[in-house]
Amino acid sequence: MAANNRRMSGKKGAQVGSGGQRRKGLEGKGPTPPAEMRKGHKKNRIANAKAKQAVRRPTPRGRGGKGTSEMVVGRNPVVEALREGVPAVTLYVQQFIDNDERVREALQLVADRGGIHLMEAPRPELDRMTNGLNHQGLVLQVPPYEYAHPEDLAAAAYDDGEDPLIVALDGVTDPRNLGAVVRSVSAFGGHGVVVPERRAAGMTAGAWKTSAGTAARTPVARATNLTRALEAYKKAGIAVVGLAADGEHEVGELAALDGPVVIVVGSEGKGLSRLVGETCDFRVRIPMPGGAESLNAGVAAGIVLYEAARRRA
């Protein structure tokens, strides 16, 4: 009877057989989440709206991306790269290396330029870094090249109050040709070079060397699709002129070189690809009385750039 009285009592307290549920309830559910994460809160709704806008918003046009890091291997190539001002991050020197004239010059050039790390490494480590190439105890790490976007080149020209003068390369795979074109663009007051993202030469150490330092002030842009980049230039009022051995116009007679223009140069063997050739407003030829079949990209670009610069002078 006493047990029944206890069960029917109105006193507050834990009931027999509760399993400690009240104690668990007192433990809480952890710290309160911030307002942005609490469903139904005003700040949560604002945060969700901003996230949806970011998904719908198109990616802003910016740089054309980065190239890949590169290693210059061997005593002579390293010294030449340092002489020509090729950008560098680190010079790796083999431990206990024979300190000849080229090694001393490389170390002196690094000291004079500043901003280049100097690292000593055992030969097995250099062998691993270079995949077993004959590095001769010197390895120079070149940072990835920062490409511009094709639209940046025209925008920079207009900002300076000038008509764009741009060279686009179609199917040019030799970095030395790219470097030579960059050098010609710089010499004749051009505003940059456009290269395709695939199956084309990029700004490697070899291109930097051939440019003779002009790559530091002449931007190179990379286009995901060269044909679309040329069409965008045309919509912006820039004439697209392609070089072709069977072109309808001679380079010295083309009035389009007086104004905003993109000069498209193809590979020495194949010339312009079909789609790129069809995209051009004009196809021009360079007269060659000597009978040569073709010119390399660097020479051909230099001739047309000179003509454009002469007309603008």
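Small disclaimer: the values here were computed from a predicted structure and weren't measured. Side-chain atoms are counted along with the backbone in the values below, which use heavy atoms only and exclude waters and symmetry mates.
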**OP:** Please report the shortest heavy-atom distance between Ile238 and Ala154, naming the atom on each side.
**Re:** CD1-CB, 3.9 Å
**OP:** Give a yes or no on whether Ile116 and Val73 share a hydrophobic cluster (residues Ile, Leu, Val, Met, Phe, Trp, Tyr; joining criterion: side-chain heavy atoms under 4.5 Å apart).
**Re:** no
Original post:
Heavy atoms, side chains only, cut-off 4.5 Å: are Lys209 and Arg176 in contact?
Top reply: no
Original post:
Do Val265 and Val167 come close enough that some side-chain heavy atom pair is under 4.5 Å?
Top reply: yes
Original post:
Taking only residues two or more places apart in sequence or in another chain, which ones pass salt bridge (Lys or Arg N to Asp or Glu O under 4.0 Å) with Asp163?
Top reply: none
**OP:** With rounding to the nearest 0.5 Å, note down the distance linking CZ in Arg228 to CG in Leu230.
**Re:** 11.5 Å
Subject >> Side chain to side chain, Val72 and Val86, heavy atoms closer than 4.5 Å >> reply: no
Original post:
Is it the case that one hydrophobic cluster holds both Leu295 and Val193, taking links as side-chain heavy atoms less than 4.5 Å apart, direct or via other members?
Top reply: yes
Original post:
Should Val89 and Met119 be regarded as members of a common hydrophobic cluster, given that ILVMFWY residues are connected when their side-chain heavy atoms come within less than 4.5 Å of each other, either directly or indirectly?
Top reply: no
Subject >> side-chain hydrogen bond (donor to acceptor under 3.5 Å, both in side chains) partners of residues 295-304, not counting sequence neighbours, each pair once >> reply: none
Subject >> Of all pairs that satisfy side-chain hydrogen bond (donor to acceptor under 3.5 Å, both in side chains), the ones with a partner from residues 84-96, not counting sequence neighbours >> reply: none
Subject >> Point-to-point distance, once rounded to the nearest 0.5 Å, from CG of Leu109 to CZ of Arg102 >> reply: 14.0 Å
Original post:
Would a distance-only check, ignoring hydrogens and angles, find a side-chain to backbone donor-acceptor pair under 3.5 Å from Ser186 to Val182?
Top reply: no
Original post:
Can you tell if the side chain of Arg312 reaches within under 4.5 Å of the side chain of Leu165, non-hydrogen atoms only?
Top reply: yes
**OP:** Could you tell me which non-hydrogen atom of Ala207 sits nearest to which non-hydrogen atom of Gly202, and how far apart they are?
**Re:** CB-O, 3.8 Å
Subject >> 4.5 Å side-chain heavy-atom contact, Arg285 and His249 >> reply: no
Subject >> pair Leu133-Met71: side-chain heavy atoms closer than 4.5 Å >> reply: no
Subject >> Side-chain (Lys234) to main-chain (Thr279) donor-acceptor, under 3.5 angstrom >> reply: yes
**OP:** Please round to the nearest 0.5 Å and tell me the distance separating atom OG1 of Thr210 and atom CZ of Arg183.
**Re:** 9.0 Å
Original post:
Would you call Pro287 and Val251 a side-chain contact if the rule is heavy atoms closer than 4.5 Å?
Top reply: yes
Subject >> Contact check, side chains of Pro87 and Tyr145, non-hydrogen atoms, under 4.5 Å >> reply: no
**OP:** Compare every heavy atom of Ala256 with every heavy atom of Val261, then report the nearest pair and how far apart it is.
**Re:** CB-O, 4.0 Å
Original post:
Looking at CG of Leu91 and CG of Leu82, how far apart are the two atoms once the value is rounded to the nearest 0.5 Å?
Top reply: 6.5 Å
**OP:** Give a yes or no on whether a salt bridge exists between Lys235 and Glu231, defined as a side-chain N under 4.0 angstrom from a carboxylate O.
**Re:** no
Original post:
Would a hydrophobic clustering, with Ile, Leu, Val, Met, Phe, Trp and Tyr connected at side-chain separations under 4.5 Å, put Val299 with Leu178?
Top reply: yes
Subject >> Stepwise side chain to side chain contact (heavy atoms under 4.5 Å, CB included) test for Asp127 and His135 >> reply: CA-CA 8 Å; Asp127 291 341; His135 51 74; 2.7 Å; yes
**OP:** Measure the CG-CG distance between Leu275 and Leu226 for me, rounded to the nearest 0.5 Å.
**Re:** 10.0 Å
Subject >> Verdict with reasoning, Arg83 to Glu80, per salt bridge (Lys or Arg N to Asp or Glu O under 4.0 Å) >> reply: CA-CA 5 Å; Arg83 284 177 184 166; Glu80 291 171 6; 5.7 Å; no
Subject >> Gln136 side chain to Arg75 backbone, donor-acceptor under 3.5 Å >> reply: yes
Original post:
Can you name the one residue among Ile263, Leu257, Val181 that meets side chain to side chain contact (heavy atoms under 4.5 Å, CB included) with Leu305?
Top reply: Ile263
**OP:** Look at the side chain of Arg113 and the backbone N and O of Gln108, then say whether any donor-acceptor pair between them is shorter than 3.5 Å.
**Re:** no
**OP:** Using atom types as modelled and distance alone, determine if a side-chain donor or acceptor of His191 lies under 3.5 Å from a backbone N or O of Ile166.
**Re:** no
Original post:
Any donor-acceptor pair under 3.5 Å linking the side chain of Asp170 with the backbone of Ser273?
Top reply: yes
Original post:
Are there more than 12 heavy atoms of other residues, nucleotides or ligands under 6.0 Å from atom CD of Glu248?
Top reply: yes
Subject >> Nearest heavy-atom neighbours spanning Gly266 and Ala297 >> reply: O-CB, 4.4 Å
Original post:
Does any N or O in the side chain of Tyr147 come within less than 3.5 Å of the main-chain N or O of Met203, such that one atom is a donor and the other an acceptor?
Top reply: yes
**OP:** Could you walk me through whether Val194 and Tyr233 pass side chain to side chain contact (heavy atoms under 4.5 Å, CB included), step by step?
**Re:** CA-CA 12 Å; Val194 180; Tyr233 280 137; 3.6 Å; yes
Original post:
Shared ILVMFWY cluster between Val241 and Val276, side chains joined below 4.5 angstrom?
Top reply: no
Subject >> Closest heavy-atom pair and its distance - Leu153, Pro219 >> reply: CD2-CG, 3.6 Å
**OP:** Please report the closest heavy-atom contact between Ala236 and Tyr158, naming both atoms and the distance.
**Re:** O-OH, 4.2 Å
Original post:
In Å and rounded to the nearest 0.5 Å, what is the CG to CD distance from Asp258 to Glu307?
Top reply: 8.5 Å
